[in-house]
Amino acid sequence: MGFGLKKEEKVKTKIVGVSANSEQRDIKESMDAGIDEFLSKPMDRAKVTAIINDIDESVV
C-alpha cells in the first residue's frame with residue numbers, strides 16, 4: 001500500500017474552508033458540514049500559519 005500505511009491505520013484528512021463570507025451562520029454551517037477549520041478573506045497570516053503547523057504536527 002502507498003505512503004507506508006498499514007491496512008488498519010486510518011488517516012484523518014484535515015479540511016480547511018476558505019470563503020469571502022465570514023458571517024457566523026456561514027461558519028457554523030461549514031463546521032456542521034465537516035470542515036475542521038475556517039478561514040475568511042482577508043486571511044490572517046498568523047491563523048494560516050497556526051493551521052498549517054497544526055496539520056504538519058498531526059501528520060508526524
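Positions are given from 1, in the same order as the sequence printed here. Scope of the values below: all heavy atoms of this structure, side chains included, with no hydrogens, waters or symmetry mates.
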Any chain of hydrophobic side-chain contacts (each under 4.5 Å) joining Leu39 to Ile55?
-> yes
From CD1 (Ile27) to CG (Asp32), nearest 0.5 Å | 12.0 Å
From Glu29 CD over to Glu23 CD, what is the distance, rounded to the nearest 0.5 angstrom?
-> 10.0 Å
Approximate separation, where rounding is to 0.5 Å, of Ser19 OG and Ile35 CD1 | 9.0 Å
Kindly compute the distance separating CE (Met43) from CD1 (Ile51), expressed to the nearest 0.5 Å.
-> 9.5 Å
For Lys47 and Phe38, indicate whether the former's side chain and the latter's backbone hold a donor-acceptor pair under 3.5 Å.
-> yes
Are the side chain of Asp54 and the backbone of Ala50 linked by a donor-acceptor contact shorter than 3.5 Å?
-> no
Asp36 (side chain) donor-acceptor with Val16 (main chain) under 3.5 angstrom = no
